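Written below as structure tokens is the structure these notes are about.
Owing to the predicted nature of the structure, the values given are computational and were not obtained by experimental measurement.
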Amino acid sequence: MDQILNKVGSYWLGQKANKEIDSVGDDLNSLSTSIEGGAKWLVNKIKGKMQKPLPELLKEYNLPIGIFPRDATNYEFNEETGKLTVFIPAICEVGYKDSSVLRFFTTVTGYLEKGKLADIEGMKTKVIVWVKVTSITCEGSKLYVTAGMKKSRSREAYDVSRDGVSVDKF
């Protein structure tokens with residue numbers, strides 16, 4: 001009887017240990033992805049490759065600085081391909097003074113060109129239901145947000161950087 005109890009006890013402890021080890025592994029993976037953007041920025045700084053602040057990059061490409069939340073400061077930009085990847089600390093929503101709302105995933109990608117951010121992944125807008133934003137184009141005082149259909153908005157509403165409000169799901 002003692003041998004059976006020892007085997008059952010060993011099996012039970014082994015299962016508990018495996019669950020704890022898996023949990024630690026998941027925690028490490030989560031920590032790794034959350035510091036990845038900051039680590040890349042730090043490595044670039046050490047190498048002497050300082051990139052300009054995100055608002056400055058957006059201005060250079062004739063886009064309003066408020067199309068991303070204020071705490072979206074880490075980004076990668078490949079000048080050759082035009083691919084922009086913006087890292088956002090948490091899934092969030094930003095409300096604008098024209099009553100529009102954008103929702104952001106923790107990583108937003110797109111292709112940046114003068115006056116346009118195209119092939120966007122990781123951004124939605126509210127049009128009765130949440131709809132994926134595929135491009136943002138700026139022409140004069142108008143900002144065109146394409147989410148299924150092209151909708152004209154006032155550029156002025158996006159000229160100011162705003163804080164994001166955390167939400168549970170994208």
Side-chain angles (χ1 to χ4, degrees), residues 23 25-42 44 51-170:
S23 175
D26 291 344
D27 290 346
L28 285 174
N29 285 338
S30 174
L31 179 62
S32 170
T33 54
S34 68
I35 64 170
E36 182 177 345
K40 287 180 182 175
W41 175 85
L42 183 60
N44 284 337
Q51 50 186 198
K52 55 189 85 162
L54 182 59
E56 202 173 299
L57 177 72
L58 294 172
K59 279 183 192 175
E60 186 178 302
Y61 280 83
N62 194 31
L63 288 169
I65 64 169
I67 61 172
F68 288 105
R70 185 174 294 147
D71 57 354
T73 54
N74 292 329
Y75 71 93
E76 292 175 6
F77 180 58
N78 183 330
E79 290 185 35
E80 293 173 13
T81 63
K83 184 169 185 179
L84 174 67
T85 303
V86 178
F87 302 99
I88 299 168
I91 296 171
C92 67
E93 288 179 7
V94 176
Y96 298 91
K97 70 180 187 180
D98 66 351
S99 300
S100 62
V101 180
L102 291 177
R103 183 174 280 182
F104 300 90
F105 190 61
T106 55
T107 304
V108 178
T109 60
Y111 290 89
L112 193 58
E113 50 191 83
K114 285 288 182 192
K116 185 175 185 178
L117 182 60
D119 297 331
I120 299 172
E121 293 288 332
M123 187 186 297
K124 292 181 180 179
T125 190
K126 185 89 175 212
V127 184
I128 301 174
V129 295
W130 288 102
V131 182
K132 177 184 171 190
V133 173
T134 55
S135 75
I136 295 176
T137 309
C138 198
E139 295 173 14
S141 65
K142 295 289 183 187
L143 187 78
Y144 297 96
V145 177
T146 305
M149 58 189 260
K150 196 175 192 180
K151 175 131 170 72
S152 168
R153 297 179 179 173
S154 170
R155 177 187 173 124
E156 183 184 356
Y158 295 83
D159 278 337
V160 176
S161 188
R162 300 179 185 281
D163 290 326
V165 177
S166 292
V167 292
D168 291 334
K169 66 179 189 172
F170 179 67

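Note that CD1 of I88 is 8.0 Å distant from OG1 of T107, once rounded to the nearest 0.5 Å. Here CG of D71 is found 7.0 Å from CG of D163. Values are rounded to the nearest 0.5 Å. Atom CZ of R153 is separated from atom OG of S99 by 10.5 Å, given to the nearest 0.5 angstrom. Between atom OG of residue S152 and atom CG of residue D98 there is a gap of 9.5 Å, rounded to the nearest 0.5 Å. Residue L112 holds its CG atom at 10.5 Å from CG of N62, rounded to the nearest 0.5 Å. Between atom CD of residue E76 and atom NZ of residue K83 there is a gap of 9.0 Å, rounded to the nearest 0.5 Å.
Across all their heavy atoms, V86 and A72 have their closest contact at CG1-CB, 3.7 Å. The nearest pair of heavy atoms linking A147 to T125 is CB-CG2, 3.7 Å. Taking every heavy atom of both residues into account, V94 and R162 meet most closely at CG1-CB, 3.8 Å. In terms of heavy atoms, P69 sits closest to C92 at CG-SG, 3.7 Å. Shown here for M123 and I67, the closest heavy-atom pair between the two residues is CE-O, 4.2 Å. Scanning all heavy atoms of the two residues, the minimum distance from P64 to D159 falls at CB-OD1, 3.4 Å.
Counting only N and O atoms by type, the side chains of Y96 and S154 include no donor and acceptor under 3.5 Å apart.
Taking the side chain as every heavy atom from C-beta outward, F87 and T106 never approach each other to under 4.5 Å.
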For Y75 and L58, what are the C-alpha separation, side-chain angles and deciding distance, and is it a side chain to side chain contact (heavy atoms under 4.5 Å, CB included)? CA-CA 12 Å; Y75 71 93; L58 294 172; over 6 Å; no

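Between K52 and E60, at least one side-chain N (NZ, or NE/NH1/NH2) sits under 4.0 Å from a carboxylate O, which counts as a salt bridge.
Side-chain atoms of S161 do not come within 3.5 Å of backbone N or O of G66 as any donor-acceptor pair.
By the 6.0 Å contact criterion, CD on E156 is open, its count of non-hydrogen atoms from other residues, nucleotides or ligands being 12 or less. Around atom NZ of K169, no more than 12 heavy atoms belonging to other residues, nucleotides or ligands sit under 6.0 Å away. Within 6.0 Å of atom OH in Y111, 12 or fewer heavy atoms from other residues, nucleotides or ligands are found, so the atom counts as exposed in its surroundings.
Relative orientation of the F68 and F104 rings is tilted, given thresholds of 30° and 60° on the angle between their planes.
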Name the atoms and distances for all side-chain donor-acceptor pairs under 3.5 Å in residues 127-144, with sequence neighbours left out.
| from | atom 1 | to | atom 2 | distance (Å) |
| --- | --- | --- | --- | --- |
| K132 | NZ | E121 | OE2 | 2.9 |
| T134 | OG1 | T146 | O | 3.2 |
| S135 | OG | T146 | OG1 | 3.2 |

